[in-house]
Amino acid sequence: MNINWYPGHMTKARRMIEDSLKQVDMAVEILDARIPLSSRNPDIAPMLAKANRPGLIVLNKSDLADPAENEKWLEKYRKSGVPSILFNAKTTGAKAKAEFINAVKKAFGEKTEKNAARGMVGRPIKIMVLGIPNVGKSTVINSLCGSKRAKAEDRPGVTRGKQWISTEGLDILDTPGILWPKIEDRTAAEKLAVTGAIRDEILDSEELAVRLLSILRSCGYSELIKARYKITDELPESDPDLLSLIGKKRGFVVSGGEIDTERAAAVLLDEFRGGKIGRITLDRSEQ
Ligand code: G4P
């Protein structure tokens, strides 16, 4: 979460992932379903192709994302030839876990058949988990393996080797591959900041909240804003005015009758992140 991605860090991350890919059969790429495009690192696909490893896309945090958009993005990625599933790592039950494992097995299908032909039936599939910060990589690993998760070696000076965690036909590399987020433009940076993939100190929180309101409106979520903040009239046209109105509705009034927009911004961002405004997706599949 607190990584500043300098070119040196990127090179190191890429090298570590390339090394790990050699040890696994396939990679599971975790995306944040609220930003299925902006949370993708475009270097992953070429890295997998180079290593000749199949991939599976997991649209995680699907519980926070718009259900209709979840289906559209799933379809879009599947149509582009990448096996994909929706996932909620926070409340994974036995059914979701089985679906995850089946999706991995299916994505690995072709190779599994070859392995079966060579008499390697029953060998666990070795996988690694990849993704940008905060998409839920650790939560996914934990949800699949629970308490079986290997303990980190915390004695100073002891280098911890790679560890595998086994669960129902899978061997999972316990250290996920962390990639840098793709910050192509200001809007991508804003989406990454509001979902927590990059630190929001980079952007002023009031400015970020105003931009979030603009993005929410452009994605068609005005009704959710109205419902959450009990606004019965039409929304004000300007986004800073809307933020003030939200502050007013919440009673964030300081002496002299002024609205504490900083507090309104903090609450808006917090409530968005916690899914309290509703199930929202900020990238559109038809873009
Ligand atoms: P990372 O390894 O990719 O950096 O992400 P990590 O697993 O640390 O998850 C980042 C945050 O996202 C955590 O919240 C985690 O609980 C939450 N999360 C992960 N998967 C899901 C999901 O499918 N649905 C929902 N709703 N949340 C998910 P946190 O606020 O950092 O911690 P905490 O609230 O769990 O204590």
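The residues of the chain are indexed from 1 along the displayed sequence. Note: hydrogens, waters and symmetry copies are ignored here, and every other heavy atom, side chains too, is used. Start at 1 and go down the list; that is how both ligands and their atoms are numbered.
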Between [X] and [Y], does at least one N-O distance fall below 4.0 Å, as a salt bridge requires?
| X | Y | answer |
| --- | --- | --- |
| K22 | E18 | no |
| K72 | E69 | yes |
| R14 | D43 | yes |

Could you list the atoms of ligand 1 found under 4.0 angstrom from a heavy atom of [X]?
| X | value |
| --- | --- |
| S138 | 2 (O), 7 (O) |
| L64 | 26 (N) |
| D63 | 22 (C), 23 (O), 24 (N), 25 (C), 26 (N) |

Please identify each residue that fulfils ring-ring contact (aromatic ring centres under 6.0 Å, His included) with Y77, with sequence neighbours left out.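 Partners of Y77 under the ring-ring contact (aromatic ring centres under 6.0 Å, His included) test: W73.
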For E262, look at atom CD and say whether over 12 heavy atoms of other residues, nucleotides or ligands are found less than 6.0 Å away.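 It does not: E262 CD has 12 such atoms or fewer within range.
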Any N or O of A89 closer than 3.5 Å to N or O of ligand 1: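 Among all N and O atoms of A89, at least one is under 3.5 Å from an N or O of ligand 1.
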Polar-atom distance check: S62 versus ligand 1, any N or O pair below 3.5 Å?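 Not met; the criterion fails.
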So which of [options] gets nearest to [atom], if we judge by its closest heavy atom?
| atom | options | answer |
| --- | --- | --- |
| atom 10 (C) of ligand 1 | T195, N134, V140, V135 | N134 |
| atom 3 (O) of ligand 1 | K90, K61, K137 | K137 |
| atom 5 (O) of ligand 1 | G136, G196, A197 | G136 |

Whether the S62 and N88 side chains hold a donor-acceptor pair (N or O, under 3.5 Å, no angle test) is what I'd like checked.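 No, no side-chain donor-acceptor contact under 3.5 Å.
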Which bit of T139 is near ligand 1, meaning a heavy atom under 4.0 Å away: side chain, backbone, both or neither?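 Both backbone and side chain.
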Only one of K126, R123, R53 forms a salt bridge (Lys or Arg N to Asp or Glu O under 4.0 Å) with D25, so which one is it?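 Testing D25 for a salt bridge (Lys or Arg N to Asp or Glu O under 4.0 Å) against K126, R123, R53 leaves exactly one candidate, R123.
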